[in-house]
Amino acid sequence: MTEIATLDRARIQELFDLRGAYLARSGGGYQDDPYPAWHRLREQAAVHPGTLHELTGIGEPLMFAGLPFPDRPHFTAFSWAACDAAYRDAEVFASSPEPVDLVGGPSAVLNSMLSMGGTEHRRYRALVQPSFVPNRAQWWIRNWIEQTVQLLIDGFVDDGRAELNVDFCAAIPVLTITGSFGVPVDQALDIRAALSQPEKVIEIIRPIVAARRESPGDDLISVLTQAETTDENGVRHRLSDAEIYSFSLLLLAAGSGTTWKQMGSMITILLQRPDVLQAVRDDRALLRPAIEESLRWLPTDPMFARYVTRDVEFHGVHLPKGAVLHLCLGAANRDPARWDRPDEYDIARPLKPSFAFGGGAHVCLGMHVARAEIRVAINALLDRLPNLRLDPDAEPPRFVGMYERGATAIPVLFG
Ligand code: HEM
C-alpha cells in the first residue's frame with residue numbers, strides 16, 4: 001500500500017475530471033444548475049415524453065443508463081411518487097431491455113445482476129450481499145479504506161495546500177475496490193482506464209481469480225470464488241469464471257465511478273458553508289446527517305432508467321411497451337411534496353431516505369461501503385488538517401455534469 005506515493009497524478013486528473021474526455025459522453029461538459037429546470041418540469045407534469053438531458057435543454061446525444069436507444073420512445077419521471085412507483089414495480093419497469101446471458105453473452109458491466117430481474121437477481125445478489133451489509137463496513141475500513149485515506153493525506157499534509165479532487169477523493173474509491181480484489185496499486189488506474197474494454201480488465205483479474213480458487217484469502221474475489229448458487233433444478237454450483245468476471249466488472253465500475261464524485265461534492269458543500277463545517281468538526285455525530293443530506297441534495301448520478309414491459313397508464317401518461325423510462329432521482333430528491341425547502345442544504349432536517357442510491361430490489365449494493373469511505377475520509381481530513389478552507393486565490397469549485405455530477409477541482413489551504 002505504501003506504493004500509493006507512486007500514483008500518477010496526471011493520470012488521475014485525466015480519468016477523474018468531470019470536464020475531461022473520459023467523462024464527456026455522460027455530459028461532463030454541462031456547466032449549469034439543472035434543478036430550476038427540473039422543478040419547472042415537475043410542476044408541469046410528473047412524467048414527460050423525452051430523455052432527461054433533452055428536457056433539461058441539452059441538444060447533443062449523451063450516453064448513460066437507458067441511452068442511447070434511438071429506436072425506443074423515451075419518457076422521464078420527475079416526481080418522488082412516480083420514481084417510487086416505478087422502483088416498486090419491477091415487473092412493469094424492468095432493469096434491462098433484454099435478458100442477461102452470463103454463459104453465452106459478453107463479460108460486460110450491463111451483462112450482470114444490474115440487469116437481472118426477479119428470482120435470478122435475488123439469487124445472484126444474495127451471493128455478495130453479506131460482504132456489503134452495514135456491519136461489514138469495518139471489514140472494508142480496516143482492510144482498505146483507513147490506510148488509503150491516511151497515506152493520501154501523508155502525501156500532502158506538509159504542503160499546507162492540496163487539490164482534494166485529484167489528491168484525495170479520486171483515489172479512495174478506486175483503491176478501495178481494486179484493493180478488495182487484490183489488484184496491486186500500480187494496476188488500479190489501468191483498471192479504471194480500461195473499464196470500457198472489459199477484456200483488458202479481465203486480463204488483470206484472471207490470474208487473481210485463478211490464485212484465489214487455489215487458495216482463498218480475506219478479499220472479495222475469494223468471496224466470489226467460494227460462493228455457491230443453486231440453479232432452477234436445485235443443483236448447487238460454484239460461479240464460473242465468466243460469472244465472476246461479470247460481477248467484477250460491475251463492482252469495479254460502480255465502486256470506482258461514483259463515490260469520488262459524491263465525496264467531492266460533500267467536501268465542497270462543507271467548505272462553502274464554514275459554519276456547517278465547524279459544527280461537524282466540533283460534533284462528529286453531525287457527519288452522518290451531513291452525508292445523507294449531501295446525497296439528497298446533490299446525488300452524483302441523478303438518473304437511472306427502467307424499460308417498460310407492457311403498455312401502461314402511468315401518472316397521466318401512456319407508456320407503450322418497449323419505452324425507456326428515465327427516473328430523475330435528482331428531481332425526486334428535491335420534490336417539495338416530500339421535503340420542505342427542498343433546495344436548502346440543511347443537516348438538521350428530519351432524516352428520510354432519498355433516492356441517491358436508487359430504490360427497490362436494485363438499491364445500491366455498495367451504499368454502506370460508499371458511506372464508510374466518505375465518513376472515514378472526512379473524519380481524517382478534519383482530524384489532520386486544522387483550519388481547512390477553500391483557497392481564496394484559486395478558482396472556486398463548481399458543480400458540473402449531467403448524468404454524472406460532481407465538483408470541479410477543490411483547491412484548499414490548511415494550517
Ligand atoms: C456515493 C456512491 C454511490 C452512489 C450514488 C451509487 C448509486 C447507485 C444507484 C442509484 C444504484 C441503482 C441503479 C438502478 O436503479 O438501476 C446503484 C446500484 C448498484 N451499486 Fe451503487 N452507488 C454508489 C457506490 C457504490 C459502490 C462503492 C459500490 C460497490 C462497491 C456500488 C455497487 C453497486 C451495485 C453492484 C449496484 C447494482 C445492484 C443491483 O443491481 O442489485 N455502488 N448504485
Side-chain angles (χ1 to χ4, degrees), residues 26-27 30 33-58 62 64-69 72-97 114-115 117-118 121 292-293 295-344 349-364 367 402-405:
S26 60
Y30 180 75
D33 175 4
Y35 284 92
W38 294 350
H39 277 309
R40 257 195 322 276
L41 286 155
R42 191 196 320 94
E43 281 157 18
Q44 288 160 8
V47 180
H48 288 256
T51 67
L52 177 61
H53 67 274
E54 286 161 2
L55 289 162
T56 313
I58 300 179
L62 295 183
F64 199 67
L67 292 167
F69 277 106
R72 289 170 185 265
H74 287 258
F75 296 82
T76 303
F78 288 93
S79 70
W80 174 273
C83 293
D84 191 43
Y87 265 141
R88 282 171 193 272
D89 189 348
E91 253 174 59
V92 175
F93 300 101
S95 294
S96 169
L114 183 66
S115 306
H121 172 255
E292 295 309 310
E293 179 66 346
L295 286 157
R296 179 195 73 81
W297 194 73
L298 211 77
T300 181
D301 293 353
M303 184 281 275
F304 271 90
R306 290 297 183 261
Y307 301 84
V308 180
T309 59
R310 61 171 164 82
D311 283 21
V312 65
E313 297 304 318
F314 188 68
H315 291 259
V317 176
H318 177 77
L319 304 180
K321 178 179 173 177
V324 179
L325 179 64
H326 286 177
L327 309 181
C328 184
L329 309 177
N333 275 2
R334 294 203 197 181
D335 187 337
R338 186 168 170 85
W339 281 282
D340 294 335
R341 301 166 287 104
D343 288 326
E344 271 177 47
R349 68 170 71 245
L351 270 183
K352 271 190 213 174
S354 80
F355 279 142
F357 290 119
H362 289 269
V363 69
C364 178
M367 62 186 168
M402 180 67 225
Y403 289 130
E404 299 192 66
R405 293 187 53 71

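Hydrogens, waters and symmetry mates are skipped; everything else that's a heavy atom, side chains included, is used.
Expressed to the nearest 0.5 Å, how far CG of L319 lies from CD of E313 amounts to 8.0 Å. Note that the CZ atom of R72 and the OG1 atom of T51 stand 15.0 Å from one another [nearest 0.5 Å]. One distance of note links CG of L327 with CZ of R306; it measures 6.5 Å at 0.5 Å rounding. The structure places OH of Y403 at 6.5 Å from OG1 of T56, a figure rounded to the nearest 0.5 Å. The CG atom of L298 lies 8.5 Å from the CG atom of D33; values are rounded to the nearest 0.5 Å. Separation of atoms OH (Y35) and CG (D343) is listed at 9.0 Å; rounding is to 0.5 Å.
For R42 (side chain) and A331 (main-chain N/O), a donor-acceptor pair under 3.5 Å exists by modelled atom type.
Nearest heavy atoms, N333 versus A356: ND2-N, 3.7 Å. The heavy-atom pair separating G330 from P299 by the smallest distance is CA-CG, 3.9 Å. Of all the heavy atoms in V47 and V317, the pair that sits closest is O-CG2, 3.5 Å. In terms of heavy atoms, A85 sits closest to H315 at CB-NE2, 4.1 Å. Nearest approach of A361 to H121, heavy atoms of both residues: O-CE1, 3.1 Å. Taking every heavy atom of both residues into account, G50 and L55 meet most closely at O-CD1, 3.7 Å.
Atom CZ of R341 has more than 12 neighbouring heavy atoms from other residues, nucleotides or ligands inside a 6.0 Å radius.
Residues P320 and D311 meet the side-chain proximity criterion, which asks for heavy atoms closer than 4.5 Å. Inter-residue side-chain proximity for R338 and P353 is flagged as met; some heavy-atom pair is nearer than 4.5 Å.
Of the options F357, F355, F93, a ring pair (Phe, Tyr, Trp, His ring centres under 6.0 Å) to Y87 is made by F355 and by none of the others. Of the candidates W38, F314, F78, F75, H48 forms a ring pair (Phe, Tyr, Trp, His ring centres under 6.0 Å) with just one, namely F78.
Residue pairs meeting the salt bridge (Lys or Arg N to Asp or Glu O under 4.0 Å) criterion with at least one partner in residues 77-97, sequence neighbours excluded, are D84-R88.
Contact check on E293 versus R296 returns a salt bridge, with a Lys/Arg side-chain nitrogen under 4.0 Å from an Asp/Glu carboxylate oxygen.
By the ring-ring contact (aromatic ring centres under 6.0 Å, His included) test, Y307 is found to be paired with F69, residues two or more places apart in sequence or in another chain being considered. For H39, there are no ring-ring contact (aromatic ring centres under 6.0 Å, His included) partners two or more places apart in sequence or in a different chain.
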Trace of the side-chain contact (heavy atoms from CB on, under 4.5 Å) decision for T309 with K321: CA-CA 5 Å; T309 59; K321 178 179 173 177; 5.8 Å; no
Pair M303, T76 - check side-chain contact (heavy atoms from CB on, under 4.5 Å), show working. CA-CA 9 Å; M303 184 281 275; T76 303; 5.9 Å; no
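R334 forms a cation-pi arrangement with W297, by the criterion of a distance under 6.0 Å to the ring centre and an angle within 45° of the ring axis.
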